[in-house]
Amino acid sequence: MKKKLLTGMVSLTLLILVGCQSNSKKVEPVEAAETYINSYMYQKDSDKMKETFDLEPTSLETQSEKNFVANFKKLLDLDDTSNDKLNELYQKYQVSIHNNTSYKAKLINDDKKNPIIELSIIGLNEPEDTWMDTAISKKLDENPDLITASMDESAIKKVSQTLQLDLLFESVKESTPKKESVQLNMLLEENPKNKNTWQIKDEKNFLDDLNTAFGL
């Protein structure tokens, strides 16, 4: 009798578990998009990443900072000694992102497995392409002793990199929001490893476009 009762309880437990799994569903697409943007750009709602994308809570926050540092190291041809300075610059940009940017998410394709969300983003104003060269020239005119004839190419490069970083710190303090929004589509798809969660289609290119839209 006890054996039959135990077997029945185990069967009932399995039925309940299977029922719960079959009734579970993915987070609504717009909410999923907002969770992703908030975690990556605004460092919030990261506690929702596991249930929405099957990712560790702080994985996008970490990726955001790593991408920022890697992009600027490549742009300015910096080595690893610049990491701390770039991490500090990232925190300055975070303040500006919070204060000067915004976005709205709208579902434009309500496909159950492959929905599309349109993001309307007010990002940071970007300076003109030549602003850095112009600013460096001005700094050197004001401080002619920064580069001397006795300096080798490596030393001159170091001075130039220091000036560029200093100018970026100055620039982020003066950041303002764009007057017009930029539209960007987020394509969600069912996560094949966990069908109750989403993943971003072509995520690497999407993040590049997202950074550009926010002015990073």
Side-chain angles (χ1 to χ4, degrees), residues 36-46 58-104 119-184 186 200 203-216:
Y36 191 95
I37 302 299
N38 288 345
S39 179
Y40 186 80
M41 279 295 168
Y42 297 100
Q43 311 287 282
K44 63 179 185 179
D45 289 348
S46 296
T58 59
S59 59
L60 267 189
E61 291 183 22
T62 302
Q63 186 177 352
S64 175
E65 187 166 1
K66 283 183 176 179
N67 287 349
F68 180 91
V69 170
N71 288 340
F72 274 97
K73 283 174 72 174
K74 183 178 181 180
L75 179 67
L76 303 179
D77 192 23
L78 300 169
D79 58 29
D80 289 343
T81 59
S82 66
N83 285 355
D84 288 345
K85 198 73 174 175
L86 288 174
N87 286 330
E88 182 184 349
L89 181 62
Y90 175 79
Q91 297 306 322
K92 298 293 184 184
Y93 266 98
Q94 273 298 305
V95 173
S96 188
I97 288 288
H98 277 79
N99 293 338
N100 297 304
T101 70
S102 60
Y103 76 94
K104 293 180 180 179
L119 303 171
S120 295
I121 300 167
I122 300 290
L124 299 175
N125 262 321
E126 298 177 64
E128 297 179 2
D129 292 340
T130 58
W131 80 274
M132 181 68 80
D133 290 338
T134 302
I136 288 177
S137 295
K138 183 180 178 181
K139 289 280 186 182
L140 291 175
D141 288 342
E142 294 171 349
N143 304 276
D145 293 337
L146 285 175
I147 295 179
T148 64
S150 61
M151 296 172 65
D152 60 19
E153 185 177 343
S154 176
I156 293 173
K157 179 181 177 181
K158 190 68 176 177
V159 170
S160 176
Q161 290 172 334
T162 299
L163 284 175
Q164 289 178 88
L165 278 173
D166 289 344
L167 288 167
L168 285 171
F169 274 92
E170 291 178 19
S171 174
V172 72
K173 289 180 183 177
E174 301 169 2
S175 295
T176 58
K178 290 180 179 178
K179 294 182 179 179
E180 297 183 0
S181 64
V182 174
Q183 276 61 53
L184 176 64
M186 173 188 281
I200 308 296
E203 185 175 26
K204 185 180 184 302
N205 286 332
F206 172 77
L207 285 176
D208 288 342
D209 292 340
L210 186 67
N211 285 328
T212 299
F214 272 91
L216 294 180

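Computed from a predicted structure; not experimentally measured. Hydrogens, waters and symmetry mates play no part in the numbers below; they use all other heavy atoms, side chains included.
For Ile122 against Lys178, the heavy-atom pair with the smallest separation is CG2-O, 3.4 Å. The heavy-atom pair separating Met186 from Phe206 by the smallest distance is CE-CZ, 3.5 Å. Closest approach of Glu65 and Asn87 over heavy atoms only: OE2-OD1, 3.1 Å.
Sorted by first and then second residue, the pairs that involve residues 165-176 and meet side chain to side chain donor-acceptor pair (under 3.5 Å), not counting sequence neighbours, are Asn125-Thr176, Lys139-Glu170.
Counting heavy atoms of neighbouring residues, nucleotides and ligands inside a 6.0 Å radius, atom NZ of Lys73 exceeds 12 of them. The local environment of CD in Glu180 is sparse, with at most 12 non-hydrogen atoms from other residues, nucleotides or ligands closer than 6.0 Å. Atom CD of Glu153 is surrounded by 12 or fewer heavy atoms from other residues, nucleotides or ligands within 6.0 Å.
Going from atom NZ of Lys44 over to atom CG of Asn38 covers 5.0 Å, rounded to the nearest 0.5 Å.
When Tyr90, Phe214, Tyr40 are each tested for a ring pair (Phe, Tyr, Trp, His ring centres under 6.0 Å) with Phe68, only one passes: Tyr90. Among Leu163, Leu86, Leu75, Leu89, the single residue meeting the side chain to side chain contact (heavy atoms under 4.5 Å, CB included) criterion with Leu168 is Leu89.
A side-chain donor from one of Thr81 and Asp79 sits under 3.5 Å from a side-chain acceptor of the other. A donor-acceptor contact closer than 3.5 angstrom links the side chains of Ser46 and Ser39.
Legend: residues meeting side-chain hydrogen bond (donor to acceptor under 3.5 Å, both in side chains) with Gln164, ordered by chain and number and at least two apart, are Ser160. Applying the side chain to side chain contact (heavy atoms under 4.5 Å, CB included) test to Asp209 and every residue at least two apart in sequence or in another chain returns Leu184.
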